[in-house]
Structures are given as C-alpha cells and as structure tokens.
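Report on the following structure.
Owing to the predicted nature of the structure, the values given are computational and were not obtained by experimental measurement.
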Amino acid sequence: MKLIKPYTEILTPVDTVEVYKTIEKVARTCYKSEDKITDTSAERMVKSLIKSGHEAMIEFFDITVKFVTDRGVSHEIVRHRLGSYAQESTRYCNYTKDKFDGVITFIQPHWFKEDKTNSEYLFEYALNKAAKIYKEFIHNGFSPQDARALLPN
C-alpha cells in the first residue's frame, strides 16, 4: 500500500497572453464591444469577468489538467457542466499486476497529518486491510471490477 498527496498537473502548454486574448474576444462578442479590444485590454477584461461573476466566458478556453485525487473528489469534479473526463478505471485496472508493482496507491485525505494521530494510524490500517483483501479477491478469481468494491473512494 502506498499513500500519496493529491496534486494537479497542467498538461496543455499554456500561453497566458493568448488565453486572455481568446477569452476577451468571446466576451467582447457577447457584450458587442469588440471595438474596445487593444493590445493591453485582455487581462483587464478577464479580471473584470471574474469580478462580475461572468465565469461562463472563461469556459471558452480549453485546457487539459491531470488531477490526482481520491474518487470522492473526482465525482464532484465530473459534475461540472462543461468538460470531458477520463479517470483511472478501477473497473479495468488490476492492481496485482506487475505494472503496479503489486502496490495499490491511495490518496491522502485533506485532514491527514504527517505527525500522525490515532486517526491517521487507523486510516492507514484500514487502507492496508482493504489492499490485502482486494488482492485476496483477485487471487480467488474475482475480476478487478468486482474486487474494487473493497477499495475506498
């Protein structure tokens, strides 16, 4: 069993100036104020959109982000109305296989402390038990899809 901290990684090369310009073009079209576009107006426009709560305009720029987080949080993320999502599939990933080195990786919850209290020790104990029983289920012929029921979100 391995316990890691959640993290994000931006996979799309991002040119901030171009992002701002794209969002400004869309917003100015919406407001019919294209004539106000200048070489320096884009960042100010985006800040104004955010301040006014008109975040819908920001949805007009695509970016790919890798989230390494627990499945509970991932289920919150995929509820957003705009986006395409791909997740590591506990349905198909067999964590007993060599590519995982026989180790199941879990994500630390936000409350997890490095200077462990009883709660952190209990949490790690539960994860170790879940990993062990998961492996036993796979060894006994269960599919990864069925054995995943033993894994926490």
**Q.** Heavy atoms from other residues, nucleotides or ligands near CD1 of Ile63 exceed 12 (cutoff 6.0 Å)
**A.** yes
Q. Taking the side chain as C-beta and beyond, is there a heavy-atom pair between Met57 and Cys30 under 4.5 Å?
A. yes
Q: Mind checking the CZ-OH spacing from Phe61 to Tyr20? Nearest 0.5 Å is all I need.
A: 11.5 Å
Q.
How close do Val68 and Ile4 get, counting heavy atoms only, and between which atoms?
A. CG1-CD1, 3.9 Å
Q: Work out which heavy atom in Glu55 is nearest to a heavy atom in Gly53; give both atom names and the distance.
A: OE1-O, 2.8 Å
Q. Do Phe100 and Asn94 come close enough that some side-chain heavy atom pair is under 4.5 Å?
A. no
Q) Going only through I, L, V, M, F, W and Y residues with side-chain contacts under 4.5 Å, is there a path from Val73 to Ile10? A) yes
Q: Could you grab the distance from atom CD1 of Ile138 to atom CG of Leu150, nearest 0.5 Å is fine?
A: 9.0 Å
Q | Parallel, tilted or perpendicular: ring planes of Phe123 versus Trp111, cut at 30 and 60 degrees | A | perpendicular
Q. With distance as the sole test, does Glu18 use its side chain to make a donor-acceptor pair with the main-chain N or O of Asp15 at under 3.5 Å?
A. no
**Q.** Main-chain N/O of Gly102 paired to Lys135 side chain as donor or acceptor, under 3.5 Å
**A.** yes
Q. Would you find a donor on one side and an acceptor on the other, under 3.5 Å apart, between the side chain of Asp146 and the backbone of Phe142?
A. no
(Q) Quick one, Thr29 and Glu34 - any side-chain contact, counting heavy atoms below 4.5 Å? (A) yes
(Q) Using a 3.5 Å distance criterion without hydrogens, assess whether the side chain of Asp98 forms a donor-acceptor pair with backbone atoms of Asp101. (A) no
Q: With sequence neighbours left out, write down each residue that passes salt bridge (Lys or Arg N to Asp or Glu O under 4.0 Å) with Lys116, or none if nothing qualifies.
A: Glu124
**Q.** Main-chain N/O of Arg44 paired to Ser48 side chain as donor or acceptor, under 3.5 Å
**A.** no
Q) Do the non-hydrogen side-chain atoms of Thr90 and Arg71 ever get within less than 4.5 Å of each other? A) yes
Q: State yes or no: are the ring centers of His54 and Tyr31 separated by less than 6.0 Å?
A: yes
Q: Determine, using the 4.5 Å side-chain heavy-atom cutoff (strictly less than), whether Tyr121 and Phe112 are members of one ILVMFWY cluster.
A: no
Q. What distance separates Ser143 OG from Arg91 CZ, expressed to the nearest 0.5 Å?
A. 9.0 Å
Q. Looking at side-chain heavy atoms only, is the closest gap between Ile104 and Tyr134 below 4.5 Å?
A. yes
Q | Spacing of NZ belonging to Lys36 relative to CZ belonging to Arg28, to within rounding of 0.5 Å | A | 7.0 Å
Q | Exam field: side chain Ser89 to backbone Tyr92, donor-acceptor pair closer than 3.5 Å | A | yes
Q | Approximate separation, where rounding is to 0.5 Å, of Gln108 CD and Leu127 CG | A | 10.0 Å
Q. Sub-3.5 Å donor-acceptor pair from the side chain of Glu120 to the main-chain atoms of Lys113, do we have one?
A. yes
(Q) Holding to salt bridge (Lys or Arg N to Asp or Glu O under 4.0 Å), I want the full list of residues that pass it with Glu114, two or more places apart in sequence or in another chain. (A) Lys5
Q. Looking only at atom types and distance, does a side-chain atom of Thr12 sit under 3.5 Å from a main-chain N or O of Val14, one as donor and one as acceptor?
A. no
**Q.** Contact check, side chains of Ile77 and Arg79, non-hydrogen atoms, under 4.5 Å
**A.** no
Q | From Thr22 atom OG1 to Ile58 atom CD1, the distance as rounded to the nearest 0.5 Å | A | 12.5 Å
(Q) Do Ile37 and Val46 sit in one hydrophobic cluster, given that two such residues count as connected whenever their side-chain heavy atoms are within less than 4.5 Å of each other, even indirectly? (A) no
Q) Got His139 and Thr96 here, is their nearest side-chain heavy-atom distance under 4.5 Å? A) no
(Q) So which atom in Phe60 and which in Val26 form the shortest heavy-atom distance, rounded to 0.1 Å? (A) CD1-CG1, 3.4 Å
Q) Quick one: does Phe106's side chain get under 4.5 Å of Pro152's, heavy atoms only? A) yes
Q | CG/Asp35: more than 12 non-hydrogen atoms of other groups inside 6.0 Å | A | yes
